[in-house]
Amino acid sequence: MERQVIIVTGGARGIGKEIVKTLATEGHIIICNYNKSEKQAIELKKELEPKGIQIEIFQANITKKEECAKLVQFTLDKYKKINGLINNAGIDKIQMITEATRQDWDEIINTNLYGAFCMCQEVAKGMIKNHKGWIINISSIWGQVGASMEVIYSISKAGMDGMTKALAKELGPSGIRVNSIAPGAIDTDMNANLTKQELKELEQEILLEKIGKPSDIAKCVKWLVEDEYTTGQIISVNGGWVIT
Ligand code: NAP
């Protein structure tokens, strides 16, 4: 398979880290974006080096359009093309709608939706010119069915899935595939607030009776990277927690 140049946002931790490791191990050129987790990004680079795997790490806050542009320009200056973008960076906040502030709205929407939109906008220019490329948006089960106490997050992820479908239509004729992967509950820092009892109860709601691992999402990403005929889809990787 062709060695692809791939940007992964929020790649230093959690699901993003596993995606970076999986695709880098496959031989692809990975530009691993991070915002606050510089230490983890450097550690990840060092962890892969003894295996003969090189990755690029690049700091950018994706809520800022100019920083998205710098991330994309860095990649183009160094590698001349971008084959793929994985919009993985995301944040969540558990709260009642009555507690949510304008600041909560701005932080969640700007990260999960506007940041992903800006990244799509930046990479689309080159992909359209090359008549080639793909985008994977890591959305969420909550964008599909809605989560109590996570209304802003649910809005952001439903918006992301809407963006996936719209861009698949807009960019398909330019040879660009756009898909979402909608994870269920995955064992990362994002769920670190759950108690052992809550995790146990959650597992009982899932058909496969277990919480997912970041590698479950990375495997789906790997498949989509290799695929050539899937676009505009929201792919649920949730252990059968919900069937949409
Ligand atoms: P996580 O461990 O909390 O990691 C979040 C990642 O997002 C970090 O790498 C973080 O980077 C990055 N990020 C946040 N704000 C950013 C910004 N402004 N600019 C650049 N990067 C930013 O979460 P995770 O579980 O791996 O989640 C990854 C994605 O999967 C998210 O989009 C999340 O919504 C989605 N998801 C997760 C689950 C789950 O159960 N875990 C379920 C459904 C969907 P820094 O640390 O460098 O700031």
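In listed order, ligands and their atoms are each counted from 1.
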Among I108, I57, N191, N137, closest by heavy atom to atom 40 (O) of ligand 1 is N191

Do T63 and ligand 1 have an N or O pair less than 3.5 Å apart? no

For ligand 1, does I15 get within less than 4.0 Å through its side chain, its backbone, both, or neither, judged by non-hydrogen atoms? both

Find the distance between CG (N137) and CE (M119) and round it off to the nearest 0.5 Å. 11.0 Å

Closest non-hydrogen contact found for E198 with N193 is OE1-O, 4.0 Å

So which protein heavy atom does atom 5 (C) of ligand 1 come closest to, and at what separation? G90 O, 3.5 Å

Short N-O contact, K157 and D161, less than 4.0 angstrom: no

Give yes if a backbone or side-chain nitrogen or oxygen of N61 is under 3.5 Å from a nitrogen or oxygen of ligand 1, and no if not. yes

Just to confirm my output: which protein heavy-atom neighbour is closest to atom 22 (C) of ligand 1, and how far is it? A89 CB, 3.5 Å

Which is it for A182 and ligand 1 at heavy atoms under 4.0 Å: side chain, backbone, both or neither? neither

Minimum heavy-atom distance C220-I181, with the two atoms named: SG-CD1, 3.7 Å

Distance from atom 10 (C) of ligand 1 to nearest protein heavy atom, with residue and atom: R13 NH2, 3.7 Å

Heavy atoms only, cut-off 4.0 Å: how does Y153 contact ligand 1, side chain, backbone, both, or neither? side chain

What are the atoms of ligand 1, with element, lying closer than 4.0 Å to any heavy atom of Y34? 47 (O)

Check step by step if side chain to side chain contact (heavy atoms under 4.5 Å, CB included) holds for Q54 and K45. CA-CA 7 Å; Q54 298 286 339; K45 190 172 165 61; 4.0 Å; yes

Using 0.5 Å steps for rounding, measure from the NZ atom of K213 to the NZ atom of K219. 6.0 Å

For atom 9 (O) of ligand 1, closest protein heavy-atom neighbour: G10 O, 3.0 Å

Numbered in order shown, the ligand 1 atoms found under 4.0 Å of a heavy atom of K36 are 45 (P), 47 (O), 48 (O)

Find the distance between SG (C32) and CD1 (I7) and round it off to the nearest 0.5 Å. 11.0 Å

I217 CD1 to I138 CD1 distance, which is reported to the nearest 0.5 Å: 7.0 Å

Can you check whether I186 has an N/O within less than 3.5 Å of an N/O in ligand 1? yes

Check contact between K157 and ligand 1, using heavy atoms of the residue and a distance below 4.0 angstrom. yes

What residue and atom, counting heavy atoms only, is the protein's closest point to atom 32 (O) of ligand 1, and at what distance? N88 O, 2.7 Å

Per-atom filter on ligand 1: closer than 4.0 angstrom to a heavy atom of S139 are 35 (C), 36 (N), 43 (C), 44 (C)

Counting only heavy atoms, which portion of I91 has something under 4.0 Å from ligand 1: side chain, backbone, both, or neither? side chain

Residues N33 and G10: closest non-hydrogen pair is OD1-N, 3.0 Å

Atoms of ligand 1 under 4.0 Å from any heavy atom of A185, numbered from 1 in the order shown, are 40 (O)

Atoms of ligand 1 less than 4.0 Å from S37 heavy atoms? 45 (P), 46 (O), 47 (O)

Can you tell me the protein heavy atom closest to atom 19 (N) of ligand 1 and the distance? I62 N, 3.1 Å

Per-atom contacts, ligand 1 versus A60 - under 4.0 Å to a heavy atom: 19 (N), 20 (C)

Should you measure from each heavy atom of G14, which atoms of ligand 1 turn up under 4.0 Å away? 2 (O), 26 (O)

Answer with side chain, backbone, both or neither: which part of D92 has a heavy atom less than 4.0 angstrom from an atom of ligand 1? neither

Which atoms form the tightest heavy-atom contact between R13 and Q40, and what is the distance? CD-NE2, 4.0 Å

What protein heavy atom is closest to atom 16 (C) of ligand 1, reported as residue, atom name and distance in Å? T111 CG2, 3.9 Å

Hey, does S140 come in under 3.5 Å of ligand 1, counting only N/O atoms on both sides? no

Should the proximity of T188 to ligand 1, defined as any heavy atom under 4.0 Å, be assigned to the side chain, the backbone, both, or neither? side chain

Can you tell me which residue and heavy atom of the protein come closest to atom 42 (C) of ligand 1, and the distance to 0.1 Å? G184 O, 2.9 Å

Over 60° means perpendicular and under 30° means parallel, so tell me whether W241 and W142 are parallel, tilted or perpendicular. perpendicular

Enter the distance from K65:NZ to F117:CZ here, rounded to the nearest 0.5 Å. 7.0 Å

If we set the cut-off at 4.0 Å for heavy atoms, which region of E38 has an atom near ligand 1: side chain, backbone, both, or neither? neither

Smallest separation among heavy atoms of G240 and L207, with atom names: O-CG, 3.0 Å

Any sub-3.5 Å donor-acceptor pair from E26's side-chain atoms to A24's backbone N or O? no

Can you name the closest pair of heavy atoms from I234 and A182 and give their distance? CG2-CB, 4.0 Å

Which ligand 1 atoms does M190 reach within 4.0 Å, using its non-hydrogen atoms? 3 (O), 23 (O), 25 (O), 33 (C), 34 (O), 37 (C), 41 (N)

Look at E226 together with K222 and state whether they make a salt bridge at an N to O cut-off of under 4.0 Å. yes

Return the CD to CD1 distance between E47 and I55, rounded to the nearest 0.5 Å. 9.0 Å

